[in-house]
Amino acid sequence: MGAIADIKLKRRELVLTFDDGPMPQLTEDILKALDDAGVKATFMMIGAQASAHPALVRAVAEKGHTIGSHTQHHVNLRAVDPISAKAEIDKGRDSVATSLEPTRYRAAPLFRFPYLADTALLRAQLAKGDIVVLDVDISIGDENDLSPHQLYRQAMRRILRRGSGVVLMHDIHARTVAMLPKLLADLRARGFTIAHLVPAAALLAPMSAMSS
């Protein structure tokens with residue numbers, strides 16, 4: 001498995017990612033918005049959430065989206081010792097995998113650090129295990145208490161400023177659900193393409209899923 005740096009996105013090409021779920025109703029609404037727009041995304045799931053809502057994990061996979069992991073309890077891994085940090089990562093990955101066991105679907109070897117708080121040691125350990133750290137180019141800032149309209153404007157402004165890259169959102173906020181259909185429609189109107197990350201033999205391959 002290659003590094004995320006191996007992925008070369010074109011101008012106005014985005015990868016959509018959603019952290020911290022799955023969350024009943026909200027993740028389902030996100031899935032509907034993505035379906036309506038004809039695009040695929042990557043869901044970086046917390047292990048405890050996956051264990052609590054395994055049917056929802058399977059629903060995400062059945063819709064054709066990619067699933068990665070985001071620790072078991074959303075712990076800041078810089079704030080704990082390396083052994084505890086590795087246990088958090090491994091447990092999170094195991095919980096997501098177990099939620100998918102009754103199906104033919106499997107999680108991708110993708111991991112994202114909570115709070116984007118990485119360490120060189122943990123990155124090296126993940127690389128040895130052929131796990132790709134999915135970093136972020138554009139955060140829409142939906143963790144902040146904004147109205148859906150304010151969030152839409154902020155997201156569009158940040159995306160336009162950067163031009164392409166991996167976009168961080170969360171499928172646990174109603175404000176994100178509310179503004180997502182408009183954001184997707186307006187990105188299409190502005191000529192953006194949504195690429196879907198899928199595991200390949202040697203790297204994570206971006207596959208275009210929405211064109212202008």
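These values consider heavy atoms only, across backbone and side chains, with no hydrogens, waters or symmetry-generated copies. As the structure is a computational prediction, the values presented were derived from the model and not from experiment.
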Co-members of Val136 in a cluster of I, L, V, M, F, W and Y side chains, linked at under 4.5 Å | Leu116, Leu168

Members sharing Ile46's hydrophobic cluster, built from side-chain contacts under 4.5 Å between Ile, Leu, Val, Met, Phe, Trp and Tyr, are none

Indicate if Leu160 and Leu146 have the same hydrophobic cluster label, given that clusters are the connected sets of ILVMFWY residues with side-chain heavy-atom separations under 4.5 angstrom.
-> yes

Do you reckon Leu56 sits in the same ILVMFWY cluster as Met44, going by side-chain contacts under 4.5 Å, direct or chained?
-> no

What pairs of residues pass the ring pair (Phe, Tyr, Trp, His ring centres under 6.0 Å) test when at least one of them lies in residues 28-57, not counting sequence neighbours?
-> Phe18-Phe43, Phe43-His65

Which residue pairs satisfy the ring pair (Phe, Tyr, Trp, His ring centres under 6.0 Å) criterion with at least one member in residues 121-158, sequence neighbours excluded?
-> none

Centroid-centroid distance, Phe111 to Phe113, less than 6.0 Å = yes

Closest non-hydrogen atom pair, [X] against [Y]:
| X | Y | answer |
| --- | --- | --- |
| Val96 | Ser69 | CG2-CB, 4.4 Å |
| Ile131 | Leu110 | CG2-C, 4.3 Å |
| Ile138 | Ser164 | CD1-O, 3.8 Å |
| Leu77 | Ala117 | CB-O, 4.3 Å |
| Val166 | Leu9 | N-CD1, 4.3 Å |
| Ala85 | Leu122 | CB-CD1, 3.8 Å |

Residue pairs involving [range] (criterion salt bridge (charged side-chain N to carboxylate O under 4.0 Å, His left out); sequence neighbours excluded):
| range | result |
| --- | --- |
| residues 52-61 | none |
| residues 137-159 | Asp137-Arg162 |
| residues 88-111 | Lys86-Asp90 |
| residues 107-123 | Asp19-Arg112, Arg78-Asp118, Asp118-Arg123, Arg123-Asp135 |

Would you say [X]'s side chain and [Y]'s backbone share a donor-acceptor pair under 3.5 angstrom?
| X | Y | value |
| --- | --- | --- |
| Asp81 | Ile83 | yes |
| Ser99 | Ala50 | yes |
| Ser51 | Ala48 | no |
| Gln49 | Gly21 | no |
| Lys40 | Leu34 | no |

Just jot down the side chain to side chain donor-acceptor pair (under 3.5 Å) partners of Asp36, sequence neighbours excluded, or say none.
-> Lys32

Does Thr98 have any side chain to side chain donor-acceptor pair (under 3.5 Å) partners at least two apart in sequence or in another chain, and if so, which?
-> none

Residues which pass ring-ring contact (aromatic ring centres under 6.0 Å, His included) with Tyr105, listed by chain and number, not counting sequence neighbours = none

Verify side chain to side chain contact (heavy atoms under 4.5 Å, CB included) between Leu126 and Val132, making sure each step is shown before the conclusion.
-> CA-CA 7 Å; Leu126 288 163; Val132 175; over 6 Å; no

Identify whether the distance between the nearest side-chain nitrogen and carboxylate oxygen of Arg190 and Asp186 falls below 4.0 Å.
-> no

Side-chain heavy-atom pair [X], [Y] within 4.5 angstrom cut-off:
| X | Y | answer |
| --- | --- | --- |
| Met156 | Leu183 | yes |
| Val80 | Asn76 | no |
| Met169 | Leu16 | yes |
| Leu151 | Ile140 | yes |
| Pro22 | Val57 | yes |

Atom pair [atom1]/[atom2] of [X] and [Y] - distance to nearest 0.5 Å:
| X | Y | atom1 | atom2 | result |
| --- | --- | --- | --- | --- |
| Ile89 | His70 | CD1 | NE2 | 11.5 Å |
| Ile194 | Glu13 | CD1 | CD | 9.0 Å |
| Leu180 | Lys182 | CG | NZ | 12.5 Å |
| Leu197 | Thr17 | CG | OG1 | 9.0 Å |

Would His173 and His170 satisfy side chain to side chain contact (heavy atoms under 4.5 Å, CB included), going step by step from the backbone distance to the final call?
-> CA-CA 6 Å; His173 300 308; His170 297 81; 3.6 Å; yes

What pairs of donor and acceptor atoms, side-chain ones from residues 23-30 against any protein atom, are under 3.5 angstrom apart with sequence neighbours left out?
unit_1, atom_1, unit_2, atom_2, d
Gln25, NE2, Asp29, OD1, 2.8
Gln25, NE2, Asp29, OD2, 3.4
Thr27, OG1, Met23, N, 2.8
Thr27, OG1, Met23, O, 3.2
Thr27, OG1, Asp171, OD2, 2.8
Glu28, OE1, Gln25, N, 2.8

Between Ser95 and Gln72, is any side-chain donor less than 3.5 angstrom from a side-chain acceptor?
-> yes

